[in-house]
Amino acid sequence: MEAYYWNKELETIDQASLEDLQLKLLRDTVQAALKTPFYRNRLKKAGINSGDDIRSLQDLQRIPFTTKDDLREGYPTGLLAVDLAEVVRIHTSSGTTGTPTVIYHTKEDLDNWTELVCRCIVATGATREDVFQNTMSYGLFTGGLGLHYGAERLGMTVIPVGSGNTRRQIQLMKDFKTTVIHATPSYMLHIYSKLNEFKIPLNELFLKKAYLGAEPYSENTRRKIEEFFHIDVYNSYGLSEMNGPGVSFECIHKCGMHTWEDSYLLEIIDPKTTRTLSEEHEGEIVLTNLRRRATPLLRYRTRDLAFIHKGKCKCKRTHRRLSRITGRTDDMLIINGVNVYPSQIEEVIMRIPQVGTNYQICLEKDGTLDKIIVKVEIYSKLFTGDIRQLDTLKAKINEELRAAIIISPIVELHEPGSLPVSEGKAKRVVDSRTKL
Ligand code: DLL
């Protein structure tokens with residue numbers, strides 16, 4: 001199949017021109033970042049007082065890293081680089097202890113993001129003739145709106161159904177002849193199991209492609225989904241700090257995810273020494289956005305592990321390709337696409353007076369979806385035989401957790417001393433979801 005581009009000039013840009021462009025954009029970004037209290041302080045300490053202090057791309061190394069904790073501490077406006085009047089949208093994502101991180105967007109920021117999403121979609125061979133069903137949730141999460149605007153700008157027929165209600169999803173897929181679906185891999189597998197349950201034969205669907213991301217999955221899972229549905233699955237990577245989906249996406253050749261290097265400076269570092277690693281060496285992804293004005297982020301440590309593929313892609317896009325995400329450097333859990341930190345759970349349950357000292361978070365598979373069970377020890381005086389009282393407590397814990405982590409866990413109440421205690425570091429999370 002002939003490769004097709006959305007922005008051929010930028011997608012196939014040669015290395016020297018790319019580096020010139022990156023340097024110019026990096027200077028602009030540093031200049032914009034200096035408008036925020038956070039970066040003014042940080043960059044001045046590193047001897048950077050203006051964008052012009054960045055003389056070559058090597059000077060990137062002089063810029064300190066930015067972490068999720070920095071974003072949390074800057075909440076809500078410490079990293080805002082424009083007048084609030086210029087901001088047209090915000091997105092937030094979960095923070096480690098419940099303080100969210102916020103990303104502001106100007107109209108131009110959103111336009112740039114949309115442009116990148118258009119490139120991604122076109123790189124998979126999709127066109128305006130396609131019907132695009134977006135099963136990612138709309139709202140503060142970037143999966144819904146992120147791809148939505150790109151698909152619309154390309155001229156696809158967009159079904160903005162959002163997440164959940166699988167029966168309706170399938171009905172829409174049938175009625176409107178959906179050809180491209182956007183989902184988490186676990187939800188895609190769930191749709192398949194529901195098709196079987198409802199006895200709907202595959203030939204009633206028109207699906208050709210799926211864009212899957214927001215959570216880790218293996219090459220085997222991709223293969224499995226492709227075989228189940230007889231479709232092509234494309235891996236999509238992104239994070240809200242870097243807009244959301246549209247950072248890295250596979251093209252028709254499915255050999256790594258092109259990362260749009262005219263919009264993101266991509267580095268892979270050794271997470272321990274922070275030394276930059278060369279191609280094919282696995283390390284932590286560090287990204288700098290080059291075209292965002294409202295919340296410019298410099299050398300953001302994503303905590304995602306991957307490597308950069310060597311060599312050129314057959315599609316002739318020159319932007320380097322990231323491997324599948326192989327893990328994280330922190331303890332963030334991804335549960336049906338939702339990011340959850342164990343510390344958020346702990347914070348909630350430990351402020352409930354009836355809860356004792358020990359708890360455990362168990363992750364299991366429920367069919368193809370993830371299930372989270374929060375087991376908490378409560379004081380023995382509460383086990384009086386009054387079931388209603390225990391049910392009320394369970395419901396209260398569930399409600400408070402749901403408010404904090406968005407998803408609704410199963411809550412189990414246990415007697416004191418009944419949950420395992422480890423002698424060294426407490427092992428709070430038992431993840432028995434097996435990777436397919
Ligand atoms: O998950 C953005 C997104 C939406 C990407 C839809 C792709 C599709 P956050 O909620 O901020 O944003 O979560 C970002 O999710 O740091 C990774 O750990 C993980 N992640 C995202 N895509 C992939 C992927 C969105 N393809 C975090 N494979 C990231 C593995 C992924 N992990």
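Reckoned from all heavy atoms, side chains included, excluding hydrogens, waters and symmetry mates. Starting from 1, each residue takes its place in the sequence as its number. First listed ligand is number 1; within each ligand, the first listed atom is number 1.
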Margin query: Both conditions, 6.0 Å and 45 degrees, for the charged tip of R119 above the ring of Y5: are they met here?
Written below: no
Check: Are Y264 and N243 linked by a side-chain donor-acceptor pair shorter than 3.5 Å?
Finding: yes
Check: Regarding T114 and D111, is there a side-chain donor-to-acceptor distance under 3.5 Å anywhere?
Finding: no
Checklist line | Near ligand 1, at a heavy-atom separation below 4.0 Å: residues by chain and residue number | finding: M136, F141, T142, G143, H182, G213, A214, E215, P216, N235, S236, Y237, G238, L239, S240, P245, D304, I325, R328, M332, I334, N339
Parallel, tilted or perpendicular: rings of [Y] and [X] (30°, 60°):
X	Y	result
H105	W113	parallel
W260	H319	perpendicular
F307	H309	perpendicular

